[in-house]
Amino acid sequence: MKTKKYLQILVIICALTLVSGFASNKEPLGNISNISVMPGQPNTRIVLESNSPLALVGSSYATDRPATIFVDFDNVSTNVTPKIATHTTPLIQDIKIQRIDADKFRLYIDLKERVPYQIKTEDNNTIVELNQIQKTPGKYAFDPDVKSKLEKASGQVGYLTNISVADKKDRVDVRAILSHEAISNVFVLDKPLRLVVDLYNTYFSSSQSVHTINQLGVKKVRAAQFQISNPHTITRMVFDLTEPTFYSMDTANNNLTISFYKERLSQVAPAEIKPSPPVVEKSEPKKELNPPVEKKSPPKPVISEEKIEMPKRLRPEKNGSSFPQEEAQQFEPQTISQKQQKYRGEVITLKFKDADLRDVINYLGEFAGLNVAHDPEVRGVVSCNLIDVPWDQALDLILKQNKMGRILEGNILRIAPVQTLTREREEEQKLEESKELAGPRVTKSYTLSYSRAADVEGLLQSKISERGEIIVDERTNTMVITDVSDRIELIERLLDVFDTPTPQVAIEARIVEATSTFIRNLGIQWGARGIVDPFYGNQTSLEFPHKMLFDGAMIPQGIVTKGIGGPLGGYAINLPAPAFSTAVGVSFANVLDTFRIDLAISALETSGEGRIISSPSVTTQNNQQAHIIQGRQIPVQTVANFTVTTRYMNAALELRATPQITAEGTIIMQLELQNNAADFANLVNGIPPIITQSATTTVMIPDGGTTVIGGIYRTEDSITRDRVPFFHKIPIIGNLFKSFARTKQTRELLIFITPRILR
């Protein structure tokens, strides 16, 4: 019994030990105690002070508020509301924090403009580092921390041996293989947007300098030797960006990994946010807060990858158009090279009269904070009255008046005559061309998907160098290009423009033919005959004449006449209907048949309606002609020099259309439509003539809209009256001396066109 008790006590002790072990292994909650802003150049830092590193769930720019960064943290303590110390900066407008779940918080950072940013940890602090975009050319801000590191560095120089790009589930990693622990300086440049990473005390020895990415807001990464021992050896990595994005930098085993993340923010509906707004207190920044001390081990961002979900995000529609991003980009202007100069200098007012040119330039250089160097040939006078103009525009105007030019090298402004600078540029160009011709050639193959390689070859011939060549394999639609590396880079950008999918357009035509016919005919025929003769016992009782004959049917029998024949052999008044389907004959006579009247009435009334609808449809690519035909061909024979030649004429419905899609989503259509038919009722030498209906036009139609490109409305109304002169004017009785015929025919032709863009 005692043994059983001891065993039970031992089991209970083990269970309690396991429970306490699990409880101790639970990750402690992070407690945010303070949020402060550390402005600086080129980067501004937002420091979240906590008792332990915070678990980052996700971060991105908000879709509905493009200049607001959302950062979600998990496993955060809720018993203390953090204090936010705001600071007046040219970049940050406001900072807020809000609870979205029991132990989840969301940090809102409202910016004046979108900038690239990274999130990292130092000690127990979480830092959101904003990379301010530098818009002044030639002036690159230097991170003070990097400057202090360089002063302490021993001067050891290493190599960048390779760059690789890895596409992972939630990010794209760009890894630089280094032989040493390099000191890096990060800054962002504008127009075009570029993220620049300078690696100090590093030589570039990689065989490949350009890697294409084309996702997550990054076009590609380029690396090259930027500077050699002046005073530091620098390898520069440049990321060409399409938009400011979220990234991180990590060093492990002396290697540098720069990661660009997909949209990492969990979507939270407004109804799910619990109504417990935090108390935000604004105060001055703490003066005793020093920049975080860099640890010997490089900082790593804390990322919870298993909680990441990346919903697809489409680009906002442009001008109400329903184009998706890939299709709309085809119509946006793309800068391949060269950009126009814009004056961005601070405005200044200048009033000079016969002032020395050198003194005026020195004054402008001092105003702009530049060093000025004059060539010995610089001389002239300045007289001007300029009010509120950019100083660089005023400088160009003054130099142009005196036929001088300028070159800005770093922060040194050099002034020289235009001829001198032109000669130097020509010499530099010749030197660059000689270097280009002397450099190694690169051979690359490109298989095109949407364009014909033979067509693109003609467009690229003017862009290759004298040593370059292009070989086209039409069987596989592949181009093999051999040229120097600089030209290869330009050709790749051009191929990205030329080899793009072409949208298709479905064109539906509807041809409606409507006819209406009405015919009314009315005719009359009559004749009379009378005999007075003793033979019939109806003599005249006169001495003279004893006999009389009246005959109103003078048309003899046996002669084909118009209309119906009568008992009298014909009619004195013979005005039947031109065409009739009904005839009524009446005959009046006495017993002896010595007096007789024959009457015939003919009539016809016809009405009819007809409709023919033809609906040809065809699909074609943008700016490509489509042709569809349906009908018959009629052979026509001609004889010349005892040779019979047969040619065929189309009597068919034929449609030719060439669509052009505009940037606004409308379609410009070049149309040629023919609706020909053979008229077998009017043969000429056994060959029917062709009834032609056609339309040729150019119209602009919205996507899915319908327009009428042609219409023919024809009405024929004819009235024919046959009558006996003078007698037809007798009232009432005059109707016995005339006939009536009326024909009314209406023809209507309408042509409708409906184009639709296929996506």
Side-chain angles (χ1 to χ4, degrees), residues 42-43 56 58-61 114-121 127-131 133 140 143 146 158-189 192-227 233-264 298-303 305 308 310 444 485 488-489 492-493 496:
N43 303 320
L56 175 65
S59 176
S60 74
Y61 276 101
R114 294 184 63 168
V115 297
Y117 69 98
Q118 63 171 316
I119 302 175
K120 55 186 179 180
T121 60
I127 300 175
V128 181
E129 186 173 273
L130 308 174
N131 303 122
I133 300 176
Y140 303 147
D143 195 333
V146 177
Y159 297 89
L160 190 157
T161 58
N162 187 29
I163 296 177
S164 62
V165 178
D167 189 359
K168 298 188 177 181
K169 179 181 178 181
D170 64 327
R171 66 186 187 274
V172 172
D173 290 342
V174 179
R175 186 181 182 188
I177 307 300
L178 303 173
S179 62
H180 67 303
E181 183 178 356
I183 300 174
S184 60
N185 182 41
V186 182
F187 55 93
V188 181
L189 301 179
L193 185 63
R194 291 160 290 168
L195 177 68
V196 182
V197 180
D198 282 347
L199 302 176
Y200 287 86
N201 300 332
T202 305
Y203 285 103
F204 181 73
S205 62
S206 176
S207 59
Q208 187 175 0
S209 60
V210 180
H211 296 265
T212 302
I213 299 177
N214 285 334
Q215 58 175 320
L216 305 184
V218 186
K219 295 181 181 178
K220 60 184 176 181
V221 56
R222 297 171 287 148
Q225 193 70 52
F226 176 70
Q227 186 173 293
T233 301
I234 302 176
T235 293
R236 173 165 290 183
M237 298 177 63
V238 179
F239 296 85
D240 295 333
L241 306 180
T242 59
E243 61 179 359
T245 184
F246 168 42
Y247 72 97
S248 68
M249 294 180 60
D250 184 20
T251 55
N253 299 326
N254 294 335
N255 297 326
L256 175 66
T257 302
I258 301 176
S259 302
F260 296 90
Y261 294 90
K262 299 180 181 179
E263 184 175 337
R264 306 171 56 84
K300 298 182 180 180
V302 180
I303 299 173
E305 295 186 4
I308 296 170
M310 173 56 188
K444 290 188 176 183
S485 59
I488 288 291
E489 183 179 348
E492 287 180 346
R493 292 202 300 267
D496 291 340

Please walk me through it: do Arg114 and Glu243 pass side chain to side chain contact (heavy atoms under 4.5 Å, CB included)? CA-CA 8 Å; Arg114 294 184 63 168; Glu243 61 179 359; 4.2 Å; yes
Side chains of Thr233 and Gln225: closer than 4.5 Å at any heavy-atom pair? yes
Tightest non-hydrogen contact, residues Tyr261 and Ser248, listed as OH-OG, 2.9 Å
dist Gln215:CD -> Asp167:CG (nearest 0.5 Å) comes out at 4.5 Å
If you round to the nearest 0.5 Å, how far is CG of Asn201 from OG1 of Thr235? 10.0 Å
Close side-chain approach of Phe246 and Ile119, heavy atoms under 4.5 Å: yes
Using modelled atom types only, decide if a donor and an acceptor are shared between the side chain of Ser179 and the backbone of Tyr159 within a distance under 3.5 Å. yes
Test: salt bridge (charged side-chain N to carboxylate O under 4.0 Å, His left out). Region: residues 207-216. Which pairs qualify, not counting sequence neighbours? none
Do Val115 and Asn131 have side chains that get closer than 4.5 Å, going by heavy atoms? no
Rounded to the nearest 0.5 Å, what's the gap from CG on Leu216 to OG1 on Thr242? Could you check? 9.0 Å
Dump the intermediate steps for side chain to side chain contact (heavy atoms under 4.5 Å, CB included) on Leu256 and Val197, then the final yes or no. CA-CA 10 Å; Leu256 175 66; Val197 180; 4.1 Å; yes
Partner residues of Phe260 under the ring pair (Phe, Tyr, Trp, His ring centres under 6.0 Å) criterion, sequence neighbours left out: Phe239
His211 side-chain N/O to Ile163 backbone N/O, donor-acceptor pair under 3.5 Å: yes
Kindly indicate, with the supporting measurements, whether the criterion side chain to side chain contact (heavy atoms under 4.5 Å, CB included) is fulfilled by Val172 and Ile213. CA-CA 8 Å; Val172 172; Ile213 299 177; 4.2 Å; yes
Verify the neighbour count for atom CZ of Arg222: are there more than 12 heavy atoms of other residues, nucleotides or ligands below 6.0 Å? yes
Would you say the side chain of Lys220 lies within less than 4.5 Å of the side chain of Glu489, judging by non-hydrogen atoms? yes
Stepwise side chain to side chain contact (heavy atoms under 4.5 Å, CB included) test for Met237 and Leu160: CA-CA 11 Å; Met237 298 177 63; Leu160 190 157; 4.3 Å; yes
Could you walk me through whether Thr202 and His180 pass the side chain to side chain donor-acceptor pair (under 3.5 Å) check? CA-CA 9 Å; Thr202 305; His180 67 303; 3.2 Å; yes
Can you see which heavy atom on Asn255 is nearest to which on Leu178, and at what distance? OD1-N, 3.0 Å
Would you compute the distance between atom CG of Asn185 and atom CD1 of Ile234 and round it to the nearest 0.5 angstrom? 8.5 Å
When rounded to the nearest 0.5 Å, the distance separating CG of Leu241 from CD1 of Ile133 is 9.0 Å
Rounded at 0.5 Å granularity, tell me how far CE in Met249 sits from CD1 in Ile258. 4.5 Å
Arg493 and Lys219, any side-chain heavy atoms less than 4.5 Å apart: no
Just so I know, are the side chains of Leu193 and Pro244 near enough to count as touching, which here means a heavy-atom distance under 4.5 Å? yes
